[in-house]
Protein chains: 2
Amino acid sequence: MDPEIDLLHHIKSFEAQLEDYLPGNSIDCVILGYESQQLKVLLLKWKNDGVWTLPGGFIKKTEHLDDAAQRVLQERTGLSSVFVKQFYTFGSSVRNKNPQISKPLYHLKKMEELSPNFLKWITNRFITTGYFALVDIKRIHPRPDAFSEVCEWKSLNALPPLILDHKEIITKALDHLKTQLNYLPIGISLLPKKFTMQDLRKLYEAILGKPLERSNFQRKLLKLGILIRHEKQMTGAANKAPYLYSFSEEKYYELIKNGIGFYS
Amino acid sequence: MDPEIDLLHHIKSFEAQLEDYLPGNSIDCVILGYESQQLKVLLLKWKNDGVWTLPGGFIKKTEHLDDAAQRVLQERTGLSSVFVKQFYTFGSSVRNKNPQISKPLYHLKKMEELSPNFLKWITNRFITTGYFALVDIKRIHPRPDAFSEVCEWKSLNALPPLILDHKEIITKALDHLKTQLNYLPIGISLLPKKFTMQDLRKLYEAILGKPLERSNFQRKLLKLGILIRHEKQMTGAANKAPYLYSFSEEKYYELIKNGIGFYS
DNA sequence: TTTTATTGTGTTAATTTGACACAAAAATAC
DNA sequence: GTATTTTTGTGTCAAATTAACACAATAAAA
């Protein structure tokens, strides 16, 4: 099908349901994953525009804010039981006036005569609540939504231009991640079930943005008593094979409840 | 003036301005102070009802969410330059359905025939964003708003019954206070300009909910290099007089930027 | 003058941290 | 098969931090 027609179809369909949604609130999800020793965020690219956005959505009148976030997450990643947490609400009265919106809206303006209600609705002031999710990148099959043509992981070190204040939203999510480090299920959410000590250390190094001494890190983590040691992993590399570890889930969650006395 | 008439007058006046406000968002302020070795929160008591609420308000269509919070704070306390921070957004779709609202609304229902728009507006679903403020209780002269007859400090250990989910909002604010302890200007905001080491320690004990060893606490704080020692305070008690201290503001803010490696 | 309560600082053992050492292991090169 | 390379798991040890208790100094009351 002609993608232009398809997009219009989706807009018309959404327009018909506008009554079901709160008119001034939205949610945006900062979905974080970890791959190739880098933190990554899941982004969407708008059709016809090349501008990137965070996966987001609107809130049904009978829906809890948290459920709207879960719904968006489920739609974009197919995952339903992952770690999601609200981190901040962005309440500037001129969020929608940011010059960066002009580009995608130029495109939407073509729809004006065909879908004036939608245009009016979407250009209103929105107060958006940010949620962040931590996911195992390997378990995800990202799917674009009706308004976007691409949905993929982008390294946090090389973000493309983002719509509106979405750059700020990501920055705030990362601040939150850092200050809440000791209270979040970082490792258990971002890594696959089994991993090496090096994987875990590199993850913390990526979040903290600084190197951690290998042998001391290992000792410290083992002492926390949340790791289960498994068979060795024969990597094929010319060196001693590392053990594989997994987390003891109960002990992990017990520990972060009161905060891991960890690095900062 | 008859308080009943007065209340009605205020409602009518607000009703005339409904167009200026966002219809689905509000803010609530958890204003915390410290007195008699106890953490306290500033609450309002609704006229004619005896039900307590957090100071809160609505958001003008051209107003930043943060500014709405500052406005409410200013109106209730007269203070304009205090520490305020957003901490969470409460997005349940049934917040307004909580049975505890019935009581004050029973009262408002008497206004139904006189102010149907106001009643309809206020009983809608609201997504409310919580802000917390840390203030020096001595500098405050609490003032009730038009809908309330009392505005006073209540000890967190003995809260009266609260409307809607306001108890939950306070609990969440305190959680936030605890986990963000190392990044917040606790002492400088909650204590008067000059204070004794015991004052400071008791404050931290109140927040952490556990005793801290006196001499070690003293040493640790002096070592941080953020305290300025002043003359001794002759308390009149039969014991050695303690020094008074104040904070070096620049050093204090510099320190919390990266987090005080403190207690938890 | 003695007593009482609290303060400021001292002491010391236990624990944690940071930096580096080194043998063991897995694969490759010869 | 043997030597080489690289990374792992654990060892060591000095420095820093923490936790617990000691004690003299001091302000006011008895």
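These numbers come from a predicted model, not from an experiment.
- Looking at A:L65 and A:Y131, their side chains come closer than 4.5 Å, going by heavy atoms from C-beta outward.
- Between the P atom of D:dT10 and the CG atom of A:L221 lies a distance of 14 Å, rounded to the nearest Å.
- Side-chain contact check for A:D136 versus A:L190: every heavy-atom pair is 4.5 Å or farther apart.
- When distances run from any side-chain atom of A:A238 to the nucleotides D:dT8, C:dT28, C:dG8, the shortest one goes to C:dT28.
- The separation between A:R219 atom CZ and C:dA19 atom P is 13 Å, rounded to whole Å.
- OP1 or OP2 of C:dT16 has at least one side-chain nitrogen or oxygen of A:K223 nearer than 4.0 Å.
- Ring to ring, B:Y34 and B:F195 are not that close: their centroids are 6.0 angstrom or more apart.
- A donor-acceptor contact under 3.5 Å is not formed by the side chain of B:R229 with the base of C:dG8.
- Here D:dA29 presents its C1' atom at 16 Å from CE of B:M234, a figure rounded to the nearest Å.
- Residue-to-nucleotide proximity on DNA chain D shows that, of B:S215 and B:A241, the 5′-proximal contact is made by B:S215.
- Residue B:K232 places its side chain closer to D:dA27 than to any other of C:dT6, D:dA27, C:dT9.
- When rounded to the nearest whole Å, the span between OH of B:Y243 and P of D:dA25 equals 14 Å.
- Residues from residues 196-214 of chain B that place a heavy atom under 4.0 Å from any atom of DNA chain D, listed by number: B:E213.
- Here B:K194 pairs with B:E231 in a salt bridge; the nearest charged N to carboxylate O distance falls below 4.0 Å.
- As rounded to whole Å, 13 Å separates atom C1' of D:dT8 from atom CG of A:L244.
- Regarding B:Q218, its CD atom lies at a distance of 11 Å from the P atom of C:dG10, rounded to whole Å.
- Side-chain atoms of B:K240 and base atoms of C:dT6 include no donor and acceptor less than 3.5 Å apart.
- Nearest heavy atoms, B:Q218 versus B:Y245: NE2-OH, 4.2 Å.
- Rounded to whole Å, atom P of D:dT17 lies 16 Å from atom CD1 of B:I260.
- Electrostatic pairing of B:E249 and B:K251 does not count as a salt bridge here, judged by no charged N lying under 4.0 Å from a carboxylate O.
- Cation-pi contact between B:K172 and B:Y88: present, with separation from the ring centre below 6.0 Å and deviation from the ring axis of at most 45°.
- If you take CG of A:N216 and P of D:dT10, they are 14 Å apart, rounded to a whole angstrom.
- Under 3.5 Å, the side chain of A:N239 and the base of C:dA27 form no donor-acceptor pair of N or O atoms.
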